[in-house]
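Working notes for the structure below.
Both backbone and side-chain heavy atoms feed into the values below; hydrogens, waters and symmetry mates do not. The chain is numbered in sequence order, starting from 1.
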Amino acid sequence: VTGNAGSGFVLTVGEPATEFGGAQARAMAAPMTAEEFAATYENVTVTDPQGLPENFAETDIPNGSGYLFLASDGLASACSIGFNGFNATGQDAVISAGHCAEGAGNPLTILEHADYELGSFGTYSFDGTEANPGTDISVIDSINPELTLLPETLQWANAEDLEATTVQITGSTTPVAGAPICKSGRTSFWTCGTILSADALFNAEGTWTEGFQAELDAAPGDSGGSMI
């Protein structure tokens, strides 16, 4: 997928990928074909992959990229992009951590490694209790139309060219204890480990969140980054 909400999107379709994952993972894949998706949203075009540029532009933004925002204490804070995607109306959107939006004094977000505004925090959730645990998720909307959000995650192998090594995102699945997992974020970059529990509760200064637990290196600023 390339393009943006202002100029429209191009959905590149090649030969079907080799099927992988269990039945549950396949069942969670997007139900629409590329053609059906393009028919649903008038700003999406399906095209052949031939002739597309190999190198990313400065305005191409992959998952794992860092962004900055003004915290409620007046200081600059950083978080990471989890996954790029679309909202219900087909417009660009970014998934990140809810506690990033919770701590923001202003909804505006700025890309860290490029001189562009990213977008503004929209809906978010970070208010679970011990009796009723919640989620830790935010959506960045009103994406800068100059940007192209990519369905790829940074591996941070080349500091001079952040987009040189990426992993393409093709779907989602349910975490399984014992499975390998990797994280991409702006502070500790690309780190990998193991899922310890597929269902765990976390208490972050009185806010309870339900999710999965993994053992890997991470640091402040990685919040919201990709887990794949």
Side-chain angles (χ1 to χ4, degrees), residues 1-7 53-87 91-126 136-169 181-193 204 214 216-228:
V1 180
T2 59
N4 56 58
S7 61
E54 295 183 359
N55 298 322
F56 295 147
E58 181 185 38
T59 52
D60 291 340
I61 310 302
N63 308 323
S65 301
Y67 65 88
L68 306 174
F69 58 93
L70 190 66
S72 55
D73 59 7
L75 300 177
S77 292
C79 282
S80 300
I81 292 174
F83 295 99
N84 296 317
F86 306 97
N87 62 22
Q91 302 302 305
D92 282 346
V94 166
I95 301 296
S96 190
H99 67 265
C100 297
E102 174 77 14
N106 186 301
L108 181 65
T109 61
I110 307 293
L111 282 167
E112 185 173 15
H113 298 289
D115 190 21
Y116 293 94
E117 293 182 359
L118 173 59
S120 297
F121 285 121
T123 184
Y124 71 92
S125 176
F126 186 62
D136 183 5
I137 188 171
S138 65
V139 179
I140 300 176
D141 287 317
S142 303
I143 300 298
N144 185 345
E146 297 179 271
L147 304 177
T148 298
L149 303 183
L150 302 177
E152 303 179 31
T153 293
L154 289 172
Q155 290 182 293
W156 301 91
N158 185 344
E160 299 300 322
D161 183 6
L162 295 178
E163 293 87 2
T165 54
T166 64
V167 177
Q168 292 193 353
I169 303 301
I181 190 167
C182 293
K183 174 231 85 226
S184 180
R186 50 84 61 196
T187 306
S188 59
F189 311 121
W190 177 261
T191 59
C192 297
L216 47 69
D217 290 334
D222 290 332
S223 292
S226 302
M227 298 284 282
I228 61 176

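- G74 approaches L70 most closely through the heavy-atom pair O-CD1, 3.2 Å.
- The closest side-chain heavy-atom distance from V94 to V139 is not below 4.5 Å.
- Taking a 6.0 Å sphere around CG of D73, one finds it holds more than 12 heavy atoms contributed by other residues, nucleotides or ligands.
- Not one N or O on the side chain of D141 forms a donor-acceptor pair closer than 3.5 Å with the backbone of A93.
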Discussion item. side-chain contact (heavy atoms from CB on, under 4.5 Å), that's the test. Do C182 and Q155 meet it? Break it down for me.
Written reply: CA-CA 9 Å; C182 293; Q155 290 182 293; over 6 Å; no

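- When all heavy atoms of T109 and S120 are compared, the closest pair comes out as OG1-N, 4.3 Å.
- Atom-to-atom distance recorded for L111:CG and E58:CD is 9.5 Å, nearest 0.5 angstrom.
- Checking D92, T148, N87 one by one against I143, the side-chain contact (heavy atoms from CB on, under 4.5 Å) holds for a single residue, D92.
- Nearest heavy-atom pair, D222 versus A219, reported as atom, atom and distance to 0.1 Å: OD2-N, 2.8 Å.
- The distance from the CD1 atom of I110 to the CG atom of L68 is 8.0 Å, given to the nearest 0.5 Å.
- Going from atom SG of C100 over to atom CZ of F126 covers 9.5 Å, rounded to the nearest 0.5 Å.
- Between the CH2 atom of W190 and the CG atom of L216 there is a distance of 10.5 Å, given to the nearest 0.5 Å.
- E152 CD to S184 OG: the interatomic distance, rounded to the nearest 0.5 Å, is 12.0 Å.
- T153 contributes no side-chain N or O that, together with a main-chain N or O of S226, makes up a donor-acceptor pair within less than 3.5 Å.
- Taking NE2 of H99 as the reference point, atom CD1 of I137 lies at 12.5 Å (rounded to 0.5 Å).
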Contacts table for residues 77-84: side-chain donor-acceptor under 3.5 angstrom, sequence neighbours left out:
{"from": "S80", "atom 1": "OG", "to": "R186", "atom 2": "N", "distance (Å)": "3.0"}
{"from": "S80", "atom 1": "OG", "to": "G221", "atom 2": "O", "distance (Å)": "2.8"}
{"from": "N84", "atom 1": "ND2", "to": "I61", "atom 2": "O", "distance (Å)": "2.9"}
{"from": "N84", "atom 1": "ND2", "to": "N63", "atom 2": "OD1", "distance (Å)": "3.1"}
{"from": "N84", "atom 1": "ND2", "to": "L150", "atom 2": "O", "distance (Å)": "2.9"}

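- More than 12 non-hydrogen atoms from other residues, nucleotides or ligands lie less than 6.0 angstrom from CD of E112.
- With sequence neighbours excluded, no residue satisfies side chain to side chain donor-acceptor pair (under 3.5 Å) with N106.
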Fill in: Working for side-chain contact (heavy atoms from CB on, under 4.5 Å), residues S65 and L154
CA-CA 7 Å; S65 301; L154 289 172; 3.7 Å; yes

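- For the pair S138 (side chain) and A97 (backbone), a donor-acceptor distance under 3.5 Å is present.
- A157 approaches T165 most closely through the heavy-atom pair CB-OG1, 3.2 Å.
- Between F121 and Y67, the angle of the ring planes goes over 60°, which puts this pair in the perpendicular group of the 30/60° scheme.
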